[in-house]
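Encoded as structure tokens, the structure appears first; notes follow it.
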Amino acid sequence: MQYWLMKSEPTTYGIDQLMQCPKQTDTWDGIRNYQARNFMRHQMTPGDLAFFYHSSCQVPAIVGTMKIVSTAYPDSTALDPNSPYYDPKATIDNPRWFMVDVQLQTKFTQPITLQTLRQDTRLQSMLLLQRGCRLSIQPVLPEHWQIILEYNCS
DNA sequence: GCCAACGTTGGC
DNA sequence: GCCAACGTTGGC
């Protein structure tokens with residue numbers, strides 16, 4: 001069982017959209033970065049938990065938690081010419097990109113902002129906080145997971 | 001909107 | 001396989 005952090009721009013797909021889905025479950029599609037894809041393909045397991053992170057917005061923040069509820073399978077948006085995530089190099093036989101299903105677990109009453117995370121010296125080694133880290137799916141250490149969750153109780 | 005940092009592409 | 005050029009991410 002592993003912990004993750006998954007980024008999304010709220011103007012494209014925010015936590016409220018996930019909340020409104022049937023069973024609060026949806027596909028996490030559109031990942032077009034090999035490192036992020038490989039995490040999904042080879043390391044994510046149903047039952048893993050992930051932070052939902054809002055990026056490229058006024059207040060970048062962790063806004064809730066999700067559960068991974070499927071293994072990785074081909075990302076259909078890569079095959080759809082009408083999708084903004086269309087990739088002409090993807091084929092049925094060689095899908096190139098993958099996605100997983102996620103289910104919303106909790107939406108935090110207060111977003112835990114990037115600024116808050118940066119101020120906590122215990123979190124200094126988090127990938128998210130490293131200079132220039134653009135990885136949109138990244139592992140989170142169990143101790144970091146716990147520390148961050150405590151912010152939701154205070 | 002700026003720009004630093006990073007990832008990808010493609011010629012050689 | 002190198003690396004310059006280009007595209008993207010994402011905080012500020």
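Letters go in sequence order (proteins before strands), and every chain restarts at 1.
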The test is side-chain hydrogen bond (donor to acceptor under 3.5 Å, both in side chains); show your working for A:R41 and A:Y34 and say whether it passes. CA-CA 10 Å; A:R41 264 184 101 172; A:Y34 286 107; over 6 Å; no

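Applying the side chain to side chain donor-acceptor pair (under 3.5 Å) test to A:D120 and every residue at least two apart in sequence or in another chain returns A:R122, A:Y151. A:Q35 pairs by the side chain to side chain donor-acceptor pair (under 3.5 Å) definition with nothing, not counting sequence neighbours. Taking A:Q124 as the reference, A:T121 meet the side chain to side chain contact (heavy atoms under 4.5 Å, CB included) condition, with sequence neighbours excluded. When the side chain to side chain contact (heavy atoms under 4.5 Å, CB included) test is applied to A:R134, no partner is found at least two apart in sequence or on another chain. Checked against side chain to side chain contact (heavy atoms under 4.5 Å, CB included), A:D29 has the following partners two or more places apart in sequence or in another chain: A:T27, A:D75, A:T77, A:Y85, A:M99.
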Provide a list of protein-nucleic acid N or O atom pairs under 3.5 angstrom, restricted to nucleotides 1-9 of chain C.
residue : atom : partner : partner atom : Å
C:dT8   : O2   : A:R134  : NH1          : 2.8

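Rounded to 10°, the angle separating the first-five-pair axis and the last-five-pair axis of the helix from B:dG1-C:dC12 to B:dC12-C:dG1 equals 10°.
Rounded to whole Å, atom P of C:dG11 lies 12 Å from atom CD1 of A:I62.
Within the 4.5 Å cutoff, no side-chain heavy atoms of A:F51 are placed close to those of A:L128.
DNA chain C is contacted by no residue of residues 26-42 of chain A, taking any non-hydrogen atom closer than 4.0 Å. Using a 4.0 Å cutoff on non-hydrogen atoms, the parts of residues 111-129 of chain A near DNA chain C are A:L114, A:R118, ordered by number.
Each of A:L79, A:T91, A:D87 was checked for a side chain to side chain contact (heavy atoms under 4.5 Å, CB included) with A:R96, and the lone residue meeting it is A:D87.
Atom CD of A:Q115 has 12 or fewer heavy atoms from other residues, nucleotides or ligands within 6.0 Å.
Listed by first and then second residue, the side-chain hydrogen bond (donor to acceptor under 3.5 Å, both in side chains) pairs that reach into residues 50-66 of chain A are A:T65-A:Q105, A:T65-A:T106, sequence neighbours excluded. Listed by first and then second residue, the side-chain hydrogen bond (donor to acceptor under 3.5 Å, both in side chains) pairs involving residues 43-52 of chain A are A:W4-A:D48 (not counting sequence neighbours).
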Please tabulate, for side-chain N and O atoms in residues 66-73 of chain A, each donor-acceptor pair with protein atoms closer than 3.5 Å (sequence neighbours left out).
residue : atom : partner : partner atom : Å
A:S70   : OG   : A:D101  : N            : 2.8
A:Y73   : OH   : A:D101  : OD1          : 2.5

